[in-house]
Protein chains: 2
Amino acid sequence: MTTIKEIAKQANVSEGTVDRVLHNRGGVSIKTEETIKKILKENNFTANPIARALAMKSKYKLCTLIPGYDAANLFWKSPYMGILKGSEEVKNYGIEVTNFNYNQFDPKSYVDGFNNLMELNPSAVLIVPNFVNETKQIVKQLEKNNIPYIFFNIDLDGFNNISFIGQDSHTGGYVAAKLMHLSLGDNPTILTVQTRINISNSGISKRIDGFNDYFIKNNIPIERLFLDFDNINNVDESEVALNSMLDKNSHIQGIFVPSSRISIIANCIKKKHLKSLQLVGFDNTPQNIKCLEEDKISFIISQKPFNQGFESIHLLTDYLVKKKNPIQKNYSPIDILTKENARYNERFELEYENENPDLN
Amino acid sequence: MTTIKEIAKQANVSEGTVDRVLHNRGGVSIKTEETIKKILKENNFTANPIARALAMKSKYKLCTLIPGYDAANLFWKSPYMGILKGSEEVKNYGIEVTNFNYNQFDPKSYVDGFNNLMELNPSAVLIVPNFVNETKQIVKQLEKNNIPYIFFNIDLDGFNNISFIGQDSHTGGYVAAKLMHLSLGDNPTILTVQTRINISNSGISKRIDGFNDYFIKNNIPIERLFLDFDNINNVDESEVALNSMLDKNSHIQGIFVPSSRISIIANCIKKKHLKSLQLVGFDNTPQNIKCLEEDKISFIISQKPFNQGFESIHLLTDYLVKKKNPIQKNYSPIDILTKENARYNERFELEYENENPDLN
DNA sequence: ATTATTTTCGTGTGCGAACACGCAAATATA
DNA sequence: TATATTTGCGTGTTCGCACACGAAAATAAT
């Protein structure tokens with residue numbers, strides 16, 4: 001590891017001059033600047049990030065804007081925890097992370113959250129862009145202020161986000177279909193259940209497309225039924241609708257839920273139906289895992305949400321501190337969870353929660 | 001973040017005295033020591049690891065002792081790459097990592113490697129304990145010198161390793177059986193293929209146990225056949241033996257390979273057999289992934305070997321630098337890979353190799 | 001009581017980089 | 001030629017911690 005001091009000695013200048021060249025501070029003659037640059041290149045110089053971090057002392061502010069979570073829907077807890085853990089690790093690198101939440105069903109809360117966020121004057125932001133039009137507004141402001149941003153979980157096209165972190169939803173659905181096919185054999189009858197509110201969510205519809213594509217590409221005949229709920233959280237209503245559907249269509253063999261709400265569906269279904277059904281859904285929420293373990297659900301497709309949050313912070317930190325440009329698409333794994341392997345899937349989140357019992 | 005200076009001020013002593021208490025250097029009166037300790041606790045003090053690393057300047061040496069890899073068996077490449085990436089990250093924290101290889105079929109090379117390693121006087125070591133008796137010798141020396149050690153990939157019992165990093169092999173085999181069952185239905189005929197040299201490997205036999213347990217616990221009748229190779233790398237011989245077995249037993253529906261050598265098996269099998277067979281094996285080596293993509297193999301159970309290597313270095317670093325005691329068993333995920341999701345499974349290894357093309 | 005020896009601390013320096021201050025030399029303006 | 005301004009660069013301080021040196025205060029030995 002060569003240091004600035006060594007570079008300075010080789011170039012016969014002081015450390016300050018090297019520093020000026022490194023940071024383009026100006027005030028260096030062209031000749032010495034070139035000499036120094038040459039020597040820097042020869043020595044393959046990179047600043048010691050440790051010393052750098054110590055000297056900088058919190059220069060960068062990161063902000064995140066993600067949906068909140070509650071007991072009914074814990075999906076957004078994991079990314080948040082991952083973000084927290086990531087924040088801790090980069091804190092000593094001079095990075096300060098502030099999180100803002102919004103209600104994923106309320107565009108106004110999204111914009112409000114963003115406005116609060118902007119008051120902190122962040123160096124970079126992470127956004128879960130749940131609403132397309134509002135995101136356009138938001139992005140306009142970010143770009144005006146030259147603030148780089150990444151998209152998380154939802155992969156909107158046509159924006160200048162420096163990166164995306166999340167799953168390849170289409171393939172996620174495709175894998176779900178493969179598992180369904182594997183469990184049911186050819187010519188299955190499958191019910192797809194979704195919430196109307198989610199129909200506008202591009203990730204969900206990409207999953208459904210992927211699911212369909214599997215059967216088309218592999219030339220597998222299939223009968224498909226659909227059920228849309230207005231409000232999946234209204235358990236009583238859902239229960240009636242779902243079970244009457246199953247009563248009427250006793251040949252339904254599998255239920256596909258392209259969202260994290262599959263446990264709600266599973267818990268609605270009467271036992272007599274449940275035992276002859278294959279359920280496939282998404283995301284490793286505690287409720288979903290419980291259903292897996294109780295044999296109510298056959299497979300869960302997951303995406304390591306904790307890791308996603310954690311990674312995002314590191315990605316932004318590298319971008320700011322090391323000027324390292326991220327790849328465009330950071331696709332997370334498409335994990336296939338069964339009751340046997342689920343408990344091994346995201347150990348780090350559990351460990352982190354155990355180490356920080358006060359977070360809950 | 002409270003600093004030593006602030007602690008010192010609160011305790012009405014100098015920074016040096018606080019430092020003495022923090023490092024048990026002695027030379028502090030009982031009274032002031034207790035005052036300082038109380039204040040440290042009140043402030044929940046942890047030393048800034050950045051400043052610490054800068055001041056320490058490489059005080060710890062880590063050594064790893066793992067099997068080498070070659071083109072024929074790339075399994076050990078991934079952990080090695082993970083170790084390399086981990087080493088880079090902790091380098092600036094004053095940790096120096098040196099890797100030693102051995103031939104996994106030669107106990108002598110294992111002991112020789114260890115002796116070379118010991119000359120560096122490591123602060124902690126990582127071992128893949130392929131040979132039980134030799135490991136006993138090795139561990140005796142380590143314990144005599146008070147050098148902490150972790151086991152990697154192979155989980156030997158009865159040792160004082162501070163941690164284990166690897167897969168729960170039994171469950172790995174269990175999941176493999178589930179997938180086999182899912183593909184073949186009840187009453188399947190399954191051939192298990194292994195190498196004689198691996199019979200002593202506890203991980204492999206635990207996988208076979210897990211595989212059997214699945215069918216026993218779920219009360220699924222099954223016909224089992226076995227084939228043992230002396231040297232699986234002798235492709236011609238393996239090919240003849242395997243295909244003649246398949247000719248004679250045309251009712252074999254699935255082949256279970258409890259090791260990373262499944263691609264060798266897959267490539268031996270004649271096409272006419274292959275298309276009607278379900279193959280399930282372990283580990284995401286490039287050859288295995290290729291077979292997955294070519295539809296020769298149905299499922300691969302994987303364990304994120306790159307991550308394992310990477311994690312190990314961080315675990316040992318945390319142990320040395322932050323005195324953080326690791327959990328006993330760091331079980332890796334039991335990933336289910338299909339041709340659809342395989343490419344999303346261990347992105348970081350690919351990225352790391354792309355960033356460092358010189359490593360290959 | 002005086003000197004010798006511990007015990008108990010404070011002070012100073014270095015790790016490598018960031019950044020502010022200010023001095024000399026070069027150039028411009030009068 | 002004298003003065004003002006700009007250009008080019010060296011020096012010093014800071015970040016938080018580790019560690020060495022050595023000084024006062026307390027105790028022991030004479």
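Naming: A, B, ... by sequence-line order, numbering from 1 per chain.
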Which letter, B, S or -, goes with each nucleotide of nucleotides 12-24 of chain D from 5' to 3', with contact meaning a protein heavy atom under 4.0 Å?
-> ---BBBBB-----

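A close approach under 4.0 Å does not occur between any side-chain nitrogen or oxygen of A:Thr17 and OP1 or OP2 of D:dG8. At least one side-chain nitrogen or oxygen of A:Thr32 sits closer than 4.0 Å to the OP1 or OP2 atom of D:dC9. Contact annotation: A:Ser29 does not reach the phosphate of D:dT7 (side-chain N/O to OP1 or OP2, under 4.0 Å).
Helix bend of the helix from C:dA1-D:dT30 to C:dA30-D:dT1: the angle between its two end axes, each built from five pairs, comes to 60° after rounding to 10°.
By the 4.0 Å N-to-carboxylate-O rule, B:Lys37 lies too far from B:Glu42 to be salt-bridged with it. Between B:Glu351 and B:Arg347, at least one side-chain N (NZ, or NE/NH1/NH2) sits under 4.0 Å from a carboxylate O, which counts as a salt bridge. Looking at A:Glu355 and B:Lys324, a side-chain N of the basic residue comes within less than 4.0 Å of a carboxylate O on the acidic one, giving a salt bridge.
B:Tyr331 and B:Phe164 have perpendicular rings, their planes meeting at more than 60° on a 0 to 90° scale where under 30° would count as parallel. Using the six-membered ring where Trp is involved, B:Tyr352 and B:Phe306 have ring planes that are tilted, between 30° and 60° apart.
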Side chain to side chain donor-acceptor pair (under 3.5 Å) between B:Ser163 and B:Gln328: does it pass, once the steps are laid out?
-> CA-CA 5 Å; B:Ser163 190; B:Gln328 253 299 309; over 6 Å; no

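Taking the ring axis of B:Phe348 as reference, the NZ or CZ atom of B:Lys85 stays within 45° of it and closer than 6.0 Å to the ring centre.
The ring-ring contact (aromatic ring centres under 6.0 Å, His included) check on B:Phe151 picks up B:Tyr149, B:Phe159, with sequence neighbours excluded.
One can place CG of A:Leu40 at 16 Å from P of C:dG16, the figure rounded to the nearest angstrom. Residue A:Lys31 contributes atom NZ, which lies 14 Å from atom C1' of D:dT7 at whole-angstrom precision.
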